[in-house]
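This report concerns only the one structure given below.
In what follows, residues are counted from 1 in the order of the sequence shown.
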Amino acid sequence: MCGILGVVGRQGFHINQLLYDGLTVLQHRGQDAAGIMTEHDGQFRLRKSNGLVSDIFYTRHMQRLQGHIGIGHVRYPTAGSSSKAESQPFYVNSPYGLSIAHNGNLTNASDLRKILSNKYHRHMNTQSDSEILLNILAVELTKYSSDISIEGEPHLDIETVFKAINALNTYVKGGYACVSMISGYGLLAFRDPNGIRPLVYGKRDTEEGVEWIVASESVAITALGFEVVSDVKPGEAIFISSSGHLFSRVCAKETKSNPCIFEYVYFARPDSVIDGISVYEARLNQGKILAERILSEWPDHDIDAVIPIPDSGRIAALQMASSLKVPYREGFVKNRYIGRTFIMPGQSLREKSVRRKLNAIDDEFRGKNVLLVDDSIVRGTTSKQIVEMARESGASKVYFASAAPPVRFPNVYGIDMPATSEFIANNRTIEEINEHIGSDKLFYQTLEDLIKSTKHSSRAEIKFDSSCFDGVYVTGDVTDEYLQLLHQQRNDNAKQMNQDDDQILDIHNDSN
């Protein structure tokens with residue numbers, strides 16, 4: 001999972017601080033690496049590295065990142081590795097000078113790599129599918145830029161851009177939301193024909209002219225003082241010229257609205273609105289509907305308190321407590337400087353991290369029957385240890401509720417979930433999961449209820465990608481062979497080997 005950002009400011013004003021501030025708002029979408037690229041005086045200026053936004057950009061970097069157009073990226077690796085070389089944005093020099101920041105995952109990356117190598121003789125420097133996407137875009141822009149000559153100045157019109165994206169969409173498969181700079185011309189943003197990964201744009205009017213912003217989530221737009229204009233539609237491309245004029249077109253023959261439902265469960269910030277759906281309201285409704293089901297199945301429950309697993313379980317838990325008519329209590333304090341545990345390579349590292357991440361408040365557990373609420377259960381490692389912590393703090397009974405259904409299938413569109421064999425729900429019934437994590441009762445949301453609670457007031461044409469729950473992949477090209485390859489790449493042993501290789505590569509890079 002990644003976060004992307006693009007800004008076209010007023011000419012003569014530098015937007016480096018806007019990009020920095022916007023990436024900090026999107027930091028929850030990626031903590032592995034970050035990067036900013038701007039264009040100034042006809043040259044791309046780039047700073048990217050591994051780490052948090054606040055750790056990467058020093059004063060000297062910000063002073064150099066001049067220009068009124070730029071893009072930014074925060075990254076969790078879902079394809080390729082975690083080395084500095086694979087942090088984004090990427091760029092190529094031809095045509096025009098082209099850069100990209102990408103959120104998502106291409107399901108036919110292997111085939112695209114062969115096409116680029118064998119047909120177009122383009123060399124890839126990394127294993128990242130984002131570099132593949134950049135080169136595909138470069139190929140298609142070159143095809144339709146028929147008026148480029150060696151003697152004359154290159155010229156790019158808007159039809160060339162839209163034709164290139166239309167062609168790209170015919171054979172690139174998977175989930176992708178992208179921002180791209182075309183040197184000397186402006187900012188391009190586009191979204192896959194299924195609209196799996198989020199992308200939204202906004203603007204603000206100033207005395208000196210209009211400014212535009214494109215981001216993964218609406219919160220990055222509003223937090224910077226812009227007004228949301230619209231989500232980028234599935235298959236749509238928008239182009240914002242250097243002078244601040246916006247052009248848009250749907251560049252795909254067939255489009256569907258299939259946003260990833262896991263955004264509303266876990267990844268997106270609650271103060272974001274994605275495809276017209278408030279993430280906050282969706283999570284409230286998830287808690288409400290799950291509580292109603294608990295009441296119908298267990299009307300004489302003995303729950304004394306509802307306690308959330310911070311932070312993403314908090315909103316559902318708040319509504320569950322209200323619907324169950326029992327007190328809501330904060331029983332865990334979170335160390336905010338520990339990363340997300342379900343994507344950490346290595347089980348032993350993950351288990352140590354859970355204890356460092358959360359600390360229990362004994363008074364909220366002692367002698368009580370508590371219902372712990374989390375947004376989802378993926379590996380179950382965290383859930384099991386949290387149940388143990390509640391018992392160690394004196395809880396009489398520990399019940400557990402997941403606002404999402406059992407995760408049984410890998411996400412192939414840009415979320416770095418574990419290998420299928422490492423899901424706690426793999427080949428286990430709910431009763432067996434309950435026994436494994438050590439809770440007294442376990443409640444899961446049904447997929448039907450999750451969809452109903454998330455969609456509640458949205459447009460009827462939305463049909464979520466729920467593949468991590470039901471194994472139905474909306475792009476229609478995900479085979480058993482692909483899933484097996486994904487399993488080999490995502491299991492703990494493979495991730496540990498990749499981490500070791502990255503360390504060797506980074507040592508080599510640092511020595512030059």
Side-chain angles (χ1 to χ4, degrees), residues 1-10 13-40 44-49 51-59 61-76 87-90 99-104 130 177-181 186-191 197-206 209-232 238 240 242 244 246 263 267-274 279:
M1 181 61 68
C2 301
I4 61 175
L5 186 69
V7 176
V8 177
R10 297 157 288 165
F13 291 82
H14 301 307
I15 47 83
N16 46 8
Q17 190 65 49
L18 278 175
L19 289 167
Y20 178 94
D21 292 342
L23 289 185
T24 62
V25 176
L26 296 173
Q27 185 75 84
H28 62 286
R29 300 186 67 87
Q31 300 169 23
D32 179 74
I36 291 175
M37 175 178 279
T38 61
E39 183 190 7
H40 186 57
F44 285 153
R45 301 190 173 193
L46 173 65
R47 167 63 179 172
K48 62 178 181 176
S49 188
L52 301 176
V53 174
S54 58
D55 296 331
I56 292 172
F57 300 99
Y58 302 148
T59 301
H61 303 130
M62 297 300 291
Q63 289 173 340
R64 187 174 180 276
L65 290 168
Q66 296 177 319
H68 79 287
I69 299 179
I71 60 176
H73 189 269
V74 289
R75 180 179 190 248
Y76 273 132
S87 56
Q88 297 185 42
F90 288 119
S99 64
I100 202 168
H102 163 224
N103 174 33
S130 303
C178 304
V179 289
S180 171
M181 278 194 300
L187 181 79
L188 170 66
F190 56 98
R191 194 177 181 193
R197 299 266 68 91
L199 195 62
V200 61
Y201 66 98
K203 72 172 184 176
R204 67 180 177 188
D205 295 309
T206 70
V210 65
E211 296 182 316
W212 296 92
I213 184 170
V214 185
S216 292
E217 294 184 34
S218 63
V219 64
I221 294 175
T222 55
L224 297 182
F226 288 73
E227 179 182 354
V228 172
V229 173
S230 175
D231 293 280
V232 177
I238 64 171
I240 305 166
S242 298
L246 183 140
E263 292 276 357
F267 265 104
R269 274 181 47 157
D271 44 349
S272 283
V273 178
I274 297 175
V279 177

Check: Are R75 and Q88 close enough that a side-chain donor and a side-chain acceptor fall under 3.5 Å?
Finding: no
Margin query: For a side chain to side chain contact (heavy atoms under 4.5 Å, CB included) check, start with the C-alpha distance between V273 and V228, then their side-chain angles and the critical distance, and finish with the verdict.
Written below: CA-CA 10 Å; V273 178; V228 172; over 6 Å; no
Checking [X] side chain against [Y] main chain: does a donor-acceptor pair fall under 3.5 Å?
X: S216; Y: L199; result: no
X: H73; Y: A33; result: no
X: N16; Y: M62; result: yes
X: R29; Y: C2; result: yes
X: R197; Y: G104; result: no
X: H14; Y: G67; result: yes
X: T38; Y: Q66; result: yes

Margin query: Please evaluate residues L18 and F226 with respect to the criterion side chain to side chain contact (heavy atoms under 4.5 Å, CB included), reporting the C-alpha separation (whole Å), side-chain torsions for both, the decisive distance (0.1 Å), and the verdict.
Written below: CA-CA 11 Å; L18 278 175; F226 288 73; 4.2 Å; yes
Looking only at heavy atoms, what is the nearest atom pair of [X] and [Y], with distance?
X: V279; Y: A268; answer: CG2-CB, 4.0 Å
X: V179; Y: A189; answer: CG1-CB, 4.1 Å
X: E263; Y: P198; answer: OE2-CD, 3.2 Å
X: G35; Y: P89; answer: C-CD, 3.7 Å

Could you measure the distance from the [atom1] atom of [X] to the [atom2] atom of [Y]? Nearest 0.5 Å is fine.
X: S218; Y: R269; atom1: OG; atom2: CZ; answer: 9.5 Å
X: N103; Y: L26; atom1: CG; atom2: CG; answer: 9.5 Å
X: R204; Y: L224; atom1: CZ; atom2: CG; answer: 7.5 Å
X: Q17; Y: L65; atom1: CD; atom2: CG; answer: 11.0 Å
X: M181; Y: E39; atom1: CE; atom2: CD; answer: 6.5 Å
X: E217; Y: L5; atom1: CD; atom2: CG; answer: 11.5 Å

Notebook entry, point to check: What class does the angle between the rings of F57 and Y20 fall in, given that below 30° is parallel, 30 to 60° is tilted and above 60° is perpendicular?
Noted result: perpendicular
Next item on the list: Start with the C-alpha distance between I4 and I71, add both sets of side-chain angles, then the distance that settles side chain to side chain contact (heavy atoms under 4.5 Å, CB included), and finish with yes or no.
Entry: CA-CA 7 Å; I4 61 175; I71 60 176; over 6 Å; no
Would you mind reporting whether [Y] and [X] have side-chain heavy atoms less than 4.5 Å apart?
X: T206; Y: F13; result: no
X: I221; Y: V200; result: yes
X: F90; Y: M37; result: no
X: V232; Y: Y201; result: yes

Next item on the list: Take W212 and L187 through the side chain to side chain contact (heavy atoms under 4.5 Å, CB included) test and state the conclusion after the steps.
Entry: CA-CA 10 Å; W212 296 92; L187 181 79; over 6 Å; no
